[in-house]
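Worth knowing before you read on, the calculation uses all heavy atoms, side chains too, and leaves out hydrogens, waters and symmetry mates. Every value quoted in this text rests on a predicted model; they were computed, and no experiment measured them.
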Amino acid sequence: MLGKRVGFKALENRLNQLWAKHGSLSIVDLDNDFFTVSFANNDDHCRALLEGPWMIYDHYHSVREWKPNFCPSSDAIEQIAVWVRISGLPLEYYDARVLAFIGNRIGSMVKVDRNTLKIERGKYARLCVQVDLTKPLLAMFSIKGRHYKIEYEGLHLLCLRCGRFGHGNDECGVAAFLQGEMANVMTSGDREEISKANMIKEDGSWVVVQKT
């Protein structure tokens, strides 16, 4: 689970609802809040791996294939597929090739929401992209001189001041640096990454979708 701890029984019940469509599954809890899931049915196994991203209690559930010599105590979630929203996008951009181009600007394109691809809803375009959580995420992009904000779903620990995942606005060392309070908290590489992420004002440009 990304940014949230869930009890074993609660997780087991939820995964059974999500994944056990054709057979049973079994879960084993490991160190560092990792779990292994074994499937009795191969279709359920493929569904869990390919049909995400999965969310439990409005937090992402990172899923990957098991590999030998996996060490949960030293492993961390660095890449994850997330849903993003882009409001105000002209309808002529609701095209698979254009949306793929936009998705690859944000991260690595995974898929387009069905309602977006069919242009059944025009309030915002919804894309699934693979992002690198070790770097500042992109706050906005521009097409033909017009700027579009990126709204991230489910990334509740995304700092809205520096665009990095894992801490809140009040804990942001980058914001303190910008205020001249901690001149040694950023390397030149940090500054370059944040510049690439389009941080254009001190109070932050990043947006996380609030569940209603």
Problem - Gap between atom CD1 of Ile150 and atom CG of Leu138 - 0.5 Å precision - result: 4.0 Å
Problem - Which residues share a salt bridge (Lys or Arg N to Asp or Glu O under 4.0 Å) with Asp58, sequence neighbours left out - result: none
Do any side-chain atoms of residues 83-101 form donor-acceptor pairs under 3.5 angstrom with protein atoms, and if so which ones, sequence neighbours left out?
| residue | atom | partner | partner atom | Å |
| --- | --- | --- | --- | --- |
| Arg85 | NE | Glu153 | OE2 | 2.7 |
| Ser87 | OG | Glu151 | OE2 | 3.1 |
| Tyr94 | OH | Tyr124 | O | 3.4 |
| Tyr94 | OH | Ala125 | N | 3.2 |
| Asp95 | OD2 | Arg97 | N | 3.0 |
| Asp95 | OD2 | Val98 | N | 3.3 |

Handout entry: Test item: Arg47 side-chain N/O and Leu18 main-chain N/O as donor-acceptor pair under 3.5 Å
Key = yes
Completion exercise
CG of Leu15 to CD1 of Ile27, rounded to nearest 0.5 Å, is 4.5 Å
Problem - Asn104 CG to Met109 CE distance, which is reported to the nearest 0.5 Å - result: 7.5 Å
Handout entry: Pairs meeting criterion side chain to side chain donor-acceptor pair (under 3.5 Å) with involvement of residues 109-118, two or more places apart
Key = Asp113-Arg126
Determine all donor-acceptor pairs shorter than 3.5 Å in which one atom belongs to a side chain in residues 32-44; sequence neighbours excluded.
| residue | atom | partner | partner atom | Å |
| --- | --- | --- | --- | --- |
| Asn32 | ND2 | Pro72 | O | 2.9 |
| Asn32 | ND2 | Asp75 | O | 3.1 |
| Asp33 | OD1 | Arg5 | NE | 3.4 |
| Asp33 | OD1 | Arg5 | NH2 | 3.2 |
| Asp33 | OD2 | Arg5 | NE | 3.2 |
| Asn41 | OD1 | Asp43 | N | 2.8 |
| Asn41 | OD1 | Asp44 | N | 3.2 |
| Asp44 | OD1 | Lys21 | N | 3.3 |
| Asp44 | OD1 | His22 | N | 3.2 |
| Asp44 | OD2 | Lys21 | N | 3.4 |
| Asp44 | OD2 | His22 | N | 3.1 |
| Asp44 | OD2 | Gly23 | N | 3.0 |

Completion exercise
Residues passing the salt bridge (Lys or Arg N to Asp or Glu O under 4.0 Å) test with Lys123, sequence neighbours excluded, are none
Fill in the blank from the handout: The reported gap from NZ in Lys4 to CE in Met55 (rounded to nearest 0.5 angstrom) is 11.5 Å
Exercise for the section: For Glu120, enumerate each residue passing the side-chain hydrogen bond (donor to acceptor under 3.5 Å, both in side chains) test, keeping only those at least two apart in sequence or located in another chain. Expected result: none
Practice task
For Gln79, enumerate each residue passing the side-chain hydrogen bond (donor to acceptor under 3.5 Å, both in side chains) test, keeping only those at least two apart in sequence or located in another chain.
Solution key: none
Exercise for the section: Compare all side-chain heavy atoms of Ser62 with those of Ile77 and state whether any distance is below 4.5 angstrom. Expected result: yes
Practice task
Could you pull out all residues at least two apart from His45 that satisfy side-chain hydrogen bond (donor to acceptor under 3.5 Å, both in side chains)?
Solution key: Glu65
Practice task
Find the distance between CE (Met140) and CZ (Arg105) and round it off to the nearest 0.5 Å.
Solution key: 12.0 Å
Problem - Close side-chain approach of Pro53 to Cys128, heavy-atom, < 4.5 Å - result: yes
Handout entry: Spatial distance of atom CG (Asp31) from atom SG (Cys71) [nearest 0.5 Å]
Key = 8.0 Å
Practice task
Report yes if the side chains of Leu155 and Tyr60 come closer than 4.5 Å at any heavy-atom pair, otherwise no.
Solution key: yes
Practice task
Please step through side-chain contact (heavy atoms from CB on, under 4.5 Å) for the pair Leu137 and Val82, ending with a clear verdict.
Solution key: CA-CA 12 Å; Leu137 303 186; Val82 302; over 6 Å; no
Problem - Residue pairs, two or more places apart or on separate chains, that pass ring-ring contact (aromatic ring centres under 6.0 Å, His included) and touch residues 142-166 - result: His59-His156, Phe141-Tyr148
Exercise for the section: Scan for salt bridge (charged side-chain N to carboxylate O under 4.0 Å, His left out) pairs involving residues 9-18, sequence neighbours excluded, and state none if there are none. Expected result: Lys9-Glu12
Practice task
Following the transitive rule for hydrophobic clusters with a side-chain heavy-atom cut-off under 4.5 Å over Ile, Leu, Val, Met, Phe, Trp and Tyr, establish whether Trp19 and Tyr57 coincide in one cluster.
Solution key: yes
Problem - Pairwise side-chain contact, Val28 with Leu30, heavy-atom cut-off 4.5 Å (strictly under) - result: yes
Completion exercise
With sequence neighbours left out, the residues meeting salt bridge (Lys or Arg N to Asp or Glu O under 4.0 Å) with Glu78 are none
Exercise for the section: Show which residues join Val207 in its hydrophobic cluster (side-chain heavy-atom contacts under 4.5 Å, direct or indirect), or state none. Expected result: none
